[in-house]
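From a predicted model like this one, the values you see are computed outputs, not experimental measurements. Protein chains get the first letters and strands the later ones, always in sequence-line order, with residue 1 at the start of each.
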2 protein chains.
Amino acid sequence: MSTTQMLKGIIDGCILAIIHEKEIYGYELAEKLEQYGFDSFSEGTIYPLLMRMQKEELVTSTLKKSTAGPKRKYYSLTSKGEQELRQFIKRWKLLQSSVNSVLKGEENE
Amino acid sequence: MSTTQMLKGIIDGCILAIIHEKEIYGYELAEKLEQYGFDSFSEGTIYPLLMRMQKEELVTSTLKKSTAGPKRKYYSLTSKGEQELRQFIKRWKLLQSSVNSVLKGEENE
DNA sequence: CTTACTATCTTGTATTACAAGATATAGTTG
DNA sequence: CAACTATATCTTGTAATACAAGATAGTAAG
């Protein structure tokens, strides 16, 4: 994944980081992202994304009973996912410094 | 434009910022972005993007003779473009803090 | 005239973010 | 029990995006 590709893939990285903290299911993830200050991601974004990541073997899932509602699909990182997360962090830092150096002249606005 | 939409539109904001510094043409812009640490953006990314921004009236363009090669199309910001830039900066700061707070637990990796 | 460099634009493709809505389970209330 | 509410996942379809690849064109040098 190149730096430019990541422009589209920032959510992916954030989701990997959140899953890394502790295993989590989609619905809970959506709430958590909102807490972190993101505009709420709809399920139409999150579920396909999680399924894509599972297909890429970045995460695995297990079903567990819910107190209310259908079974929850808990996701956790594979070692490939952990590796991807570390690479995402590097790329994010790079992107951040690139964008910030572009914006340097605009700071006081 | 929502926070999530901007995930895809970070380049747009960076380009607005660069054009704001001084008027610039596409080819020069591509080189500049590379200097700033971005993976080189191909012309297939930059030219359609500039044309889109002109269509949205964020930038205007004027043709000027080149020392070598065809005429250069110099772009500069409209007041709408300046406004959009200021909004981009706000959204970028927000995104930055959101992502960084998600990554807080991962810092030392 | 061919090569090389500068410069812009077009076409086509894969991916992405997302809205909208379908589906399913369990608890609550009338 | 029927209706409603909340929880939870998945599907479908769409618009926008990033990009590779290549077409086009002007100028200068050999």
- Atom-to-atom span, CG of B/L50 to C1' of C/dC9 - whole angstrom: 12 Å
- Message: For the CD atom of A/E57 and the CG atom of A/L77, what is their distance to the nearest 0.5 Å?
- Response: 13.5 Å
- After noting the C-alpha distance and the side-chain angles of B/I11 and B/F38, does the key distance pass the side chain to side chain contact (heavy atoms under 4.5 Å, CB included) rule? CA-CA 10 Å; B/I11 320 167; B/F38 291 96; over 6 Å; no
- Item | Between D/dT11 (P) and A/R52 (CZ): distance, integer Å | 15 Å
- Would you call A/V99 and B/Y36 a side-chain contact if the rule is heavy atoms closer than 4.5 Å? no
- Query: Roughly, in whole Å, what's the span from CE in A/M51 to P in C/dT16?
  - Reply: 14 Å
With a 3.5 Å cut-off and sequence neighbours excluded, list the donor-acceptor pairs that the side chains of residues 24-35 of chain A form with protein atoms.
unit_1: A/Y25; atom_1: OH; unit_2: A/R72; atom_2: NE; d: 3.2
unit_1: A/Y25; atom_1: OH; unit_2: A/R72; atom_2: NH2; d: 3.4
unit_1: A/E28; atom_1: OE2; unit_2: A/K22; atom_2: NZ; d: 3.0

- Task: Strictly below 4.0 Å, heavy-atom distances to any atom of DNA chain C: list the hits from residues 54-65 of chain A, or just say none.
- Result: none
- Passes side chain to side chain contact (heavy atoms under 4.5 Å, CB included), A/N100 versus B/Q96? Steps please. CA-CA 10 Å; A/N100 284 332; B/Q96 217 178 166; 2.8 Å; yes
- Starting at atom CD1 of B/I11, determine the distance to atom P of D/dA16, rounded to an integer number of angstrom. 16 Å
- Query: Between B/Y75 and B/I15, is any pair of side-chain heavy atoms under 4.5 Å apart?
  - Reply: no
- Close side-chain approach of B/L95 to B/R91, heavy-atom, < 4.5 Å: no
- Can you tell me the distance, in whole Å, between the CG atom of B/L49 and the P atom of C/dT11? 18 Å
- Could you check how far CG of B/D12 sits from P of D/dT17, rounded to whole Å? 7 Å
- Donor-acceptor pair, A/S66 side chain versus A/K71 backbone, under 3.5 Å? no
- A/I10 CD1 to D/dT17 C1', in whole Å, measures 14 Å
- Note on the structure: From CG of A/L29 across to C1' of D/dC10 the rounded distance in Å is 15 Å
Quick test: give all pairs of protein nitrogen or oxygen and nucleotides 6-8 of chain C nitrogen or oxygen below 3.5 Å, distance rounded to 0.1 Å.
unit_1: C/dT6; atom_1: O3'; unit_2: B/A68; atom_2: O; d: 3.3
unit_1: C/dA7; atom_1: OP1; unit_2: B/Y25; atom_2: OH; d: 3.3
unit_1: C/dA7; atom_1: OP1; unit_2: B/S66; atom_2: OG; d: 3.2
unit_1: C/dA7; atom_1: OP1; unit_2: B/R72; atom_2: NE; d: 2.2
unit_1: C/dA7; atom_1: OP1; unit_2: B/R72; atom_2: NH2; d: 2.2
unit_1: C/dA7; atom_1: OP2; unit_2: B/Y25; atom_2: OH; d: 3.1
unit_1: C/dT8; atom_1: OP1; unit_2: B/K73; atom_2: N; d: 2.8
unit_1: C/dT8; atom_1: OP2; unit_2: B/G26; atom_2: N; d: 3.4
unit_1: C/dT8; atom_1: OP2; unit_2: B/Y27; atom_2: N; d: 2.7
unit_1: C/dT8; atom_1: OP2; unit_2: B/Y47; atom_2: OH; d: 2.6
unit_1: C/dT8; atom_1: O5'; unit_2: B/Y47; atom_2: OH; d: 3.3

- Any donor and acceptor pair, going by atom type alone, linking the side chain of B/S76 with main-chain N or O of B/E23 inside 3.5 Å? no
